[in-house]
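A short write-up of the structure that comes next.
Start at 1 and go down the list; that is how both ligands and their atoms are numbered.
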Amino acid sequence: MRPFMYSLATDAPEAVRQATVPADAHVRAPVQLMGGGTTLLDLMKLDVMRPDAVIDITPLATARYGNIEASATELRLGALVRMSDAAEDHAVVTDYPVIAQSLGLAASQQLRNMARLGGNALQRTRCSYFRDPSYEQCNKRNPGSGCAAIDGFNRLHAVLGTSEHCIASYPGDFAQALIALDATVEVLGAGGARSIRFADLHRLPGSTPHIETSLAPGEMITAYVVPAGPWTRRSAYIKVRDRESYAFALASVAVALDMDGTMVRSARIALGGVATVPWRAAEAEALLAGKPLDEAAAHKAADAAFAGAKTHEHNAYKVPLGKATLVRALLTTQAMEL
Ligand code: SF4
């Protein structure tokens, strides 16, 4: 690992001010804010990320940055809450099970005890070409160099939201729950605080896969706010992976349903493991709204969700796997006893 300056933050605006250094992508930023460090240190050891300075923001885990607050209208998750604490929080488990399950199925217990919610949504792809600097060709790590995965080994890569410049899949789980539940993100930057829709946080790769989020240099996530609704209790996260523990999703689905008997009032669906960003399946949601939910309807919704899929040599299996996971998630969520 390269030498770097390490400091502990004592004041959030000051930490943000120090981190506000012009950079054309987060991966290249010379000053990095660090929560649990479970992604950042990993990538620094691999020599993928090379910051000159790291500011540890975990001392800021007081008051609103480190709390979970549930009210009749919303759930507020501070960015410095540990994954394990959110996964086991009574209000989250009971009223927002899709969030608890997405966190509980991620990583390992040790990592969940370290990792914080703010950084979790910003974790980087597991594309092996991105994580190995001996490969020159990676537009995400080395803009303009090409993409080694498109003609390389792409079994774990995305089938939705890809571009000719990058097909890396977004690796997280929690993000799917947040986008399905229409969460917003509170951020703090040099210009002050602002809120953005979680759906606007991640950017499609397009021709600039090295720019992964809409955060400005130095901006720090301070909280996620999830609106309460009749759909949050009837919600679930289903994750399919190569092994049953400590593995990234090959396909995953976050679902929240508002039901009137067997009729769907509204459906909220997000897909993971198959797309370049946390992916809302709007076409599938539209097909289900106002209709009875049975196996045939679930299959139709799954077909709609993957209608735009683009596969490569080794990842075509993700289309039938993703569809089957979506069908299972819908029927499992419908059958929940509340
Ligand atoms: Fe890099 Fe994206 Fe291609 Fe992977 S898929 S090698 S991250 S450009």
Q: Tell me whether Cys147 has at least one N, O or S atom under 2.8 Å from atom 2 (Fe) of ligand 1.
A: no

Q.
Can you name the atoms of ligand 1, numbered from 1 with element, that are less than 4.0 Å from a heavy atom of Ile167?
A. 5 (S)

Q: Under 4.0 Å from a heavy atom of Asn139: give me the atoms of ligand 1 that qualify, with their elements.
A: 1 (Fe), 8 (S)

Q | Check: Tyr237 side chain, Leu103 main-chain N or O, donor-acceptor pair, under 3.5 Å | A | no

Q) How does His165 reach ligand 1, if at all, at less than 4.0 Å between non-hydrogen atoms: by side chain, backbone, both, or neither? A) backbone

Q.
Which of the numbered atoms in ligand 1 are under 4.0 angstrom from any heavy atom belonging to Ala168?
A. 2 (Fe), 5 (S), 7 (S)

Q. Relative to the heavy atoms of Tyr129, which atoms of ligand 1 are at a distance of less than 4.0 Å?
A. 6 (S)

Q: Indicate whether the side chain of Glu136 and that of Asn142 have a donor and an acceptor atom separated by less than 3.5 Å.
A: yes

Q) Any side-chain donor paired with an acceptor under 3.5 Å for Ser235 and Arg268? A) no

Q: May I ask you to identify, for Cys166, whether its side chain, its backbone, both or neither come under 4.0 Å of ligand 1 on a heavy-atom basis?
A: both

**Q.** Test item: side-chain donor near acceptor, Tyr224 and Thr184, under 3.5 Å
**A.** no

Q.
Can you confirm whether the side chains of Arg126 and Ser128 place a donor and an acceptor under 3.5 Å from each other?
A. no

Q) Is the centre of the Phe130 ring less than 6.0 Å from the centre of the Tyr135 ring? A) no

Q. Under 3.5 Å, is there a donor-acceptor pair between the Asn113 and Ser84 side chains?
A. yes

Q) Got the closest protein heavy atom to atom 1 (Fe) of ligand 1, with its distance? A) Cys138 SG, 2.3 Å

Q: Check ligand 1 against Phe130 and write out every atom of the ligand that is under 4.0 Å from a heavy-atom position of the residue.
A: 7 (S)

Q.
For atom 4 (Fe) of ligand 1, what is the closest protein heavy atom, and at what distance to 0.1 Å?
A. Cys127 SG, 2.3 Å

